[in-house]
Amino acid sequence: MESMIRDIKLAPSGHDKIEWVKNFMPVMAAVDEKFSKTKPFAGKKMVITLHLEAKTAYMAEIFKHAGAEVAITGSNPLSTQDDIAAALVEDGLHVFAWHGCSEEEYFTFIDKALDIQPDIIIDDGGDLVHMLHTKRRELLPHILGGSEETTTGVHRLRGLAKEGKLEFPMIAANDAYMKYLFDNRYGTGQSTWDGIMRTTNLVIAGKNVVISGYGWCGKGGAMRARGLGANVIITEVDPIKAIEAVFDGFRVMPMDEAAKIGDIFLTLTGDKDVIRKRHFQVMKNGAMMANSGHFDCEINIPELEQCSVSRRTVRNNIEEFRQPDGRKLYLLAEGRLVNLAAGDGHPAEIMDLSFGVQFFSALHLLQHGRELKPDVYLMPEEINTKIAEIKLQSLGVAIDELTAEQRAYLNLD
Ligand SMILES: NC(=O)c1ccc[n+]([C@@H]2O[C@H](COP(=O)([O-])OP(=O)(O)OC[C@H]3O[C@@H](n4cnc5c(N)ncnc54)[C@H](O)[C@@H]3O)[C@@H](O)[C@H]2O)c1
């Protein structure tokens, strides 16, 4: 299979980046150590569609060491790093991705990667599964199963399963405790602000930061914004999440109100049109908008363009939309996940956990895929504990053990 990447000469810097993250991914190092010897995936083919940066590359290489033949594509046009893509090609993987690809190229890449005829897939957002269930249906009978990395993809999968149209078992890796509790909350919390700060080079302290969505990502985004000194305002549609935000000490109000006072807006809902025309019309001069939800539809960019008299890039990854009354509104990273499109994504220590979940989910499918009916499954619970134990050990953190009497008292045996 001929890879499609920007430039193989970029590989040295890709290798350096992968080397760096390896230092901080002890769970994956333990996985690599064990399964590169036993090679459970020997003879199996995989397609991985994920944000193509260093941590993902390390996981893809581990699957290869464990015996799999791997084809990989990006899961967002702006999150692919061309040097990483080049390094993976040098390491013998089939890579179909380049930074800034068009929508047509993005889907062509997924299509090409599927020519490998995968046994197992890993998806992020649902585009790979969608293509398998539409254009590439001939590949369906061959597939043991797959796993899905993010909340939005899990929503799409559950929709497919509900309609009885899902054709193979999928593990909602996102819904594993060791994923969402850390990746969505602490990972998105830190990396989103890293993306916003390196893009704007501005102070966060003292600003009114409006965070839409108080799910796992929203909680992380709000926690870290508060730590940076922002006045945090939450918008929500779920009364329970809203009351949780109130008791966490945040102001909660509808977007119609928040739009008038926000300095920085951050969407983390997985929903569409969270910020739209009626909100753009009342925003303050200089208001900035960013999204860290999976798709670029949370801020309605076509409406923003429509109600603006001009649109121009004013700084790398920042566009200015001038309003008829002279106000300037700013959009970061084209409304795509700001932590990946304008940053390096989650810290390596966090992806260590998420990719531990992905590896063991794939292993579970390898061993049990044929026994499972097409549906959406959770990763087996005991794997969460196994990943947590390896991580704790690597951090040098010891915990207590239950005594026999305590186990009996808690009715655990
Ligand atoms: N940037 C990243 O690296 C990253 C990482 C993980 C997840 N994600 C993506 O982030 C998004 C959120 O994920 P999550 O795990 O926090 O989901 P979640 O389901 O835990 O939370 C989403 C929250 O948004 C709220 N919401 C929905 N529509 C809304 C609206 N119109 N206004 C205000 N609130 C609204 C929901 O009530 C819910 O509380 C998803 O698209 C997910 O795929 C991104």
Side-chain angles (χ1 to χ4, degrees), residues 49-53 55-56 74-76 78-79 123-127 148-158 172-196 210-224 233-246 248 250 252-259 262 265-276 278-279 290-300 332-333 335-347 350-351 353-355 357-358:
T49 292
L50 281 173
H51 300 294
L52 196 44
E53 43 72 60
K55 286 89 70 182
T56 302
S75 60
N76 188 292
L78 292 189
S79 62
D123 201 358
D124 184 354
D127 290 337
E148 168 55 55
E149 171 75 5
T150 199
T151 316
T152 287
V154 172
H155 288 165
R156 291 176 80 184
L157 278 180
R158 294 228 158 92
N174 178 74
D175 293 3
Y177 221 61
M178 289 305 289
K179 201 278 182 179
Y180 68 80
L181 219 52
F182 302 94
D183 176 312
N184 299 30
R185 185 168 44 165
Y186 301 116
T188 312
Q190 174 168 325
S191 63
T192 295
W193 286 107
D194 171 36
I196 293 173
V210 178
I211 298 203
S212 296
Y214 202 63
W216 290 107
C217 293
K219 288 191 222 309
M223 180 201 305
R224 294 304 183 227
I233 295 161
I234 305 292
T235 74
E236 249 298 345
V237 291
D238 177 336
I240 300 174
K241 300 279 175 53
I243 198 79
E244 195 181 359
V246 169
D248 283 345
F250 297 114
V252 177
M253 62 183 78
M255 182 56 88
D256 281 350
E257 294 306 312
F265 293 82
L266 173 62
T267 51
L268 288 151
T269 69
D271 195 3
K272 62 186 273 221
D273 301 339
V274 179
I275 309 183
R276 50 192 187 273
R278 59 197 269 175
H279 306 125
N291 166 54
S292 224
H294 190 78
F295 284 118
D296 58 348
C297 57
E298 302 213 13
I299 301 163
N300 190 322
L332 273 52
R336 297 188 188 273
L337 319 103
V338 67
N339 60 331
L340 283 142
D344 288 321
H346 292 358
I350 298 280
M351 293 317 291
L353 302 173
S354 306
F355 288 159
V357 168
Q358 286 291 10

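Just so you know, ligand 1 is whichever comes first in the structure, and atom 1 is the first atom listed for that ligand. No hydrogens, no waters, no symmetry mates; every other heavy atom, side chains included, goes into these values. In this chain, residues are counted from 1 in sequence order.
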Quiz item: Between Thr152 and ligand 1, does any nitrogen or oxygen pair lie at a separation below 3.5 Å?
Solution: yes
Quiz item: For residues Asn184 and Asn174, is any side-chain donor paired with an opposing acceptor at under 3.5 Å?
Solution: yes
Quiz item: Counting only heavy atoms, which portion of Leu268 has something under 4.0 Å from ligand 1: side chain, backbone, both, or neither?
Solution: backbone
Practice problem: Give the numbers and elements of all ligand 1 atoms closer than 4.0 Å to a heavy atom of Thr235. | Solution: 33 (C), 34 (N)
Quiz item: Between Thr152 and Gly125, is there a donor-acceptor pair closer than 3.5 Å when you use the side chain of the first and the backbone of the second?
Solution: no
Practice problem: Distance to 0.1 Å, residue and atom name: give those for the protein heavy atom nearest to atom 18 (P) of ligand 1. | Solution: Gly215 CA, 4.0 Å
Self-check item: Per-residue contact class, His346 against ligand 1 - non-hydrogen pairs under 4.0 Å
Solution: side chain
Quiz item: Looking only at atom types and distance, does a side-chain atom of Arg224 sit under 3.5 Å from a main-chain N or O of Gly220, one as donor and one as acceptor?
Solution: no
Quiz prompt | Side chain, backbone, both or neither: His294 near ligand 1, heavy atoms under 4.0 Å | solution = both
Practice problem: Starting from atom 6 (C) of ligand 1, find the nearest protein heavy-atom neighbour and note its residue, name and distance. | Solution: Cys217 SG, 3.6 Å
Quiz item: Applying the side chain to side chain contact (heavy atoms under 4.5 Å, CB included) test to Ile299, which of Ile275, Leu332, Val274, Asp273 qualifies?
Solution: Ile275
Quiz item: Does any N or O atom in His155 lie less than 3.5 angstrom from one in ligand 1, N or O only?
Solution: no
Practice problem: Only heavy atoms count here, so choose which of Lys179, Lys219, Glu148, Glu236 is nearest to atom 37 (O) of ligand 1. | Solution: Glu236
Exercise. Could you list which atoms of ligand 1 come closer than 4.0 Å to a heavy atom of Gly270?
Key: 11 (C), 40 (C), 41 (O)
Quiz prompt | atom 19 (O) of ligand 1: the protein heavy-atom neighbour that sits closest, reported with distance to 0.1 Å | solution = Thr151 CG2, 3.9 Å
Quiz item: Does any non-hydrogen side-chain atom of Glu149 lie less than 4.5 Å from one of Asp183?
Solution: yes
Exercise. Please answer whether the main-chain N or O of Tyr214 pairs with a side-chain N or O of Lys219 as donor and acceptor at a distance below 3.5 Å.
Key: yes
Practice problem: Check whether any N or O atom of Lys241, backbone or side chain, sits under 3.5 Å from an N or O atom of ligand 1, and answer yes or no. | Solution: yes
Quiz prompt | Options Thr267, Asn339, Asp273, ranked by nearest heavy atom to atom 3 (O) of ligand 1, top entry | solution = Asn339
Exercise. Tell me, yes or no, whether the heavy-atom count around Phe295 atom CZ, taken from other residues, nucleotides or ligands under 6.0 Å, exceeds 12.
Key: yes
Quiz item: Where does the angle between the aromatic ring planes of Tyr186 and Phe182 fall among parallel (under 30°), tilted (30 to 60°) and perpendicular (over 60°)?
Solution: tilted
Self-check item: Atoms in ligand 1 with a heavy atom of Thr150 nearer than 4.0 Å
Solution: 6 (C), 7 (C), 8 (N), 9 (C), 42 (C), 43 (O)
Quiz prompt | Interfacing atoms of ligand 1 (cut-off 4.0 Å, heavy-atom, Asp271) | solution = 28 (N), 29 (C), 30 (C), 31 (N)
Quiz item: Looking only at protein heavy atoms, which one is nearest to atom 44 (C) of ligand 1, and how far off is it?
Solution: Ser292 O, 3.2 Å
Quiz item: Do Asn76 and Leu337 pass the side chain to side chain contact (heavy atoms under 4.5 Å, CB included) test, and can you show the C-alpha distance, the side-chain angles, and the key distance before you say yes or no?
Solution: CA-CA 9 Å; Asn76 188 292; Leu337 319 103; 3.3 Å; yes
Quiz item: Which is closest to atom 26 (N) of ligand 1 by heavy-atom distance: Asp183, Val338, Leu340, Val237?
Solution: Val237
Practice problem: Would you check whether Trp216 reaches within less than 4.0 Å of ligand 1, judged by its heavy atoms? | Solution: yes
Quiz item: Among side-chain atoms of His346 and Ser191, is any donor-acceptor pair under 3.5 angstrom?
Solution: yes
Exercise. Please report the closest heavy-atom contact between Thr269 and Asp271, naming both atoms and the distance.
Key: OG1-N, 2.8 Å
Quiz item: Going by the order shown, which atoms of ligand 1 are within less than 4.0 Å of some heavy atom of Leu337?
Solution: 1 (N), 2 (C)
Quiz item: Side chain, backbone, both or neither: which part of Thr269 has a heavy atom under 4.0 Å from ligand 1?
Solution: both
Quiz item: Between Thr188 and ligand 1, which part of the residue brings a heavy atom under 4.0 Å of the ligand: side chain, backbone, both or neither?
Solution: side chain
Quiz prompt | Residues Asp123 and Arg156 bridged, charged N to O under 4.0 Å | solution = no
Quiz prompt | Taking atom 10 (O) of ligand 1 as the reference point, the nearest protein heavy atom with its distance | solution = Gly293 CA, 3.5 Å
Practice problem: Could you tell me whether the side chains of Thr235 and Ser212 share a donor-acceptor contact shorter than 3.5 Å? | Solution: yes
